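Shown next, in structure tokens, is the structure this report addresses.
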Amino acid sequence: MSIFVFAVCAARGDALLVPRRPHALHGSRRATKSAATASLRMSAAQQELRPASLALEIPRQAADDVLAWASAGGRGAPPEDDAATFGYDGLEVRRTTSSMMTRQQTSLGRTSSKDWLHCLSTWPRSYVLERIKNPLAAIVGWSAVVAAWMAASPAAPAKPLGTGLHTLVGGALSLLLVFRTNTAYTRYWEGREIFGRLATGTRDLVDFVGLYRREVGARRADRVSALLKAFPIALQLHLQGFRFSSAAAGGAAGGEAPGASSVGEKEVLRLFRRVGGGADGAPIPLETFLGALRDMPDVAAALGVPTDLEEAHALDQLHLLKFDEPRSARAPVTVNELAAYYSPLQLWHALRQAGAANRDVASRASNMPLALCTLLAREIKAVAYAGDDFTTRERLYVLKRVAELRATIAQAERIVQTPVPLHYARHTSRFLSVWCFTLPLCLAPMVPAYVAPPVVGVVSWALLGLREIGLLIENPFRRSLQLTMVTDTLGREIDETVALHRDHGAVCAWN
């Protein structure tokens, strides 16, 4: 009954104080769902006057729904919201509309059976189809020539090529394609596991340094956190083939070079003009920007646009990730929005937070992730012993975690530097090409002339597409894995963890 009293008070606009007991908020799953749109507010005065209470408010419409359900005797399912997302700002629970949730699910690349019509309608804009359109067009054109020849020439043989040959070798071709795709997917999943271990190690390290913030030192703890924040971004760019220019470091290691704070911003302005932005900073029309993403794979990789999403959906995902709100439809792309997506700029900001000396050393290294691990180990080695609070045991624990981060570099580089054997890839490509080009000779005598080209085209599209998918995910770090989501989430978590430990240290010092 407590949930009904809760709803009544909220509908009347009365303040309601709920005791902070475990069963008060978790005793009923249905009650929790019916209050999913609540906005939680707790001021400092409430914390001092009522330390065991939490002030809650609920929207009037949600309260009316609960009261209507209660007046009906609680029969049927309780009222539920479409979805709710929990934000950290002020412990606020923000309601999400159904349309927004649909865009989120679509942008995350997750599909369901009901999306079949959308998948068919976007077929002409498929990224895989774009990559195989040349051989596919050649095969369809050849099948049209064969079909026309069979229909117009009376001297054409009745069966230029029987179906037995394709039946015999079709099984071997299928096995080759299956093994090729399975091998590529194994590499794809191994890449995701590597970044999973990286995320775990980074979280452990930043939390450990935060716990020993007093022994490590506030400034050194902030530098370590900044290096940990830069490491996932640096590894992502390193695996994608980007190199951080040593000229961006600027000046001596001991000081800030003139204008160094705008090095990343100047790079963003050059990129902005390259993708269609005006010299005066005029926004880029949306269609122009999406076309640039399609035509410039290096730009799409730097902005974190994956290959398995449409450019518009990928842009919606990036905007939701960076700004925590859906993007306005058809809105042009501004230079500030582009800067938020540009991964090298995020890396530059993290390096500047790590200190001028660390920034210059890392930016001049040919392998920046490896240099960051070395800088992390140096920072930990420089921590002085603090009695029983920080001893050799704690130092070795942190250095072991740094070594685990260093190991992820070698594991990821192994995938990038060791592609599938070239002989295997070429033989599969040649085998598939011969099979597809000879397929019209089997089908032309069996079907009408106008049916053979479409049938051959669909079969070739399926087989060529399967092979192309294997090529795409063979190197998962290029644009297959959505690494920007991983690195951005880690960056936010690091900032939150540092702020949490910093606030806790201030409270302990005050006490």
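As the structure is a prediction and not an experimental result, all values here were calculated from the model.
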L432 and F437: CA distance, side-chain angles, deciding distance, side-chain contact (heavy atoms from CB on, under 4.5 Å) verdict
CA-CA 9 Å; L432 179 59; F437 273 103; over 6 Å; no
Side chain [X], main chain [Y], donor-acceptor under 3.5 Å:
X    : Y    : answer
S480 : L472 : yes
S126 : T122 : no
S363 : D360 : yes
S429 : A425 : no
T288 : I284 : no
H166 : W435 : yes
T408 : L405 : yes
T334 : E337 : yes

Crowding at OH, Y397 (>12 non-hydrogen neighbours, <6.0 Å)
yes
Take atom CZ in F323; do more than 12 heavy atoms of anything else shown fall under 6.0 Å from it?
yes
Taking the basic N atoms (NZ, or NE/NH1/NH2) and the acidic carboxylate oxygens, is any pair closer than 4.0 Å for [X] and [Y]?
X    : Y    : result
E310 : R125 : yes
E130 : R294 : no
E474 : R180 : yes

Do [X] and [Y] pair up side chain to side chain, a donor and an acceptor below 3.5 Å, judged on atom types alone?
X    : Y    : answer
E379 : N358 : yes
Q317 : Q482 : yes
Q240 : D298 : no
Q346 : Y342 : no

Roughly how far, to the nearest 0.5 Å, is the [atom2] atom of [Y] from the [atom1] atom of [X]?
X    : Y    : atom1 : atom2 : value
T200 : R401 : OG1   : CZ    : 10.0 Å
L490 : D495 : CG    : CG    : 11.0 Å
R467 : L177 : CZ    : CG    : 9.0 Å
E413 : N367 : CD    : CG    : 5.0 Å
Q236 : F231 : CD    : CZ    : 12.5 Å
Y188 : I415 : OH    : CD1   : 12.0 Å

Are the side chains of [X] and [Y] in touch, meaning some heavy atoms are under 4.5 Å apart?
X    : Y    : answer
L345 : E267 : no
P297 : R479 : yes
W348 : V268 : no
P453 : S143 : yes
L303 : L338 : yes
K400 : E404 : yes
L235 : F477 : no
L176 : Y424 : yes

Check [X] against [Y] and note the closest heavy-atom contact, atom names and distance.
X    : Y    : value
R395 : K381 : NH1-O, 3.0 Å
L351 : A230 : CD2-CB, 4.1 Å
R327 : Y341 : NE-OH, 4.4 Å
K322 : R492 : O-NH2, 3.2 Å
L290 : A312 : CD2-N, 3.8 Å
L320 : P326 : CD1-N, 3.7 Å

Starting from the C-alpha separation in whole Å, work towards a yes-or-no answer on salt bridge (Lys or Arg N to Asp or Glu O under 4.0 Å) for E190 and R187.
CA-CA 5 Å; E190 185 180 356; R187 296 163 61 90; over 6 Å; no
Verdict with reasoning, R197 to Q411, per side chain to side chain donor-acceptor pair (under 3.5 Å)
CA-CA 11 Å; R197 291 192 293 270; Q411 294 164 1; 2.8 Å; yes
The test is side-chain contact (heavy atoms from CB on, under 4.5 Å); show your working for L500 and E496 and say whether it passes.
CA-CA 6 Å; L500 177 65; E496 292 167 3; over 6 Å; no
Taken in chain and number order and not counting sequence neighbours, the residues that satisfy side chain to side chain donor-acceptor pair (under 3.5 Å) with H319 are none
Give me the one residue out of V398, L227, V209 that meets side chain to side chain contact (heavy atoms under 4.5 Å, CB included) with L376.
L227
Evaluate the ring planes of Y185 and W189, with Trp represented by its six-membered ring, and classify them as parallel (under 30°), tilted (30 to 60°) or perpendicular (over 60°).
parallel
Derivation of the side-chain contact (heavy atoms from CB on, under 4.5 Å) call for L315 and F289
CA-CA 10 Å; L315 188 60; F289 184 73; 3.8 Å; yes
Is there a side-chain contact (heavy atoms from CB on, under 4.5 Å) between L136 and L129? Walk through the geometry before answering.
CA-CA 9 Å; L136 185 60; L129 181 61; 3.8 Å; yes
Quick one: side-chain contact (heavy atoms from CB on, under 4.5 Å) partners of A449, sequence neighbours excluded?
A147, A151
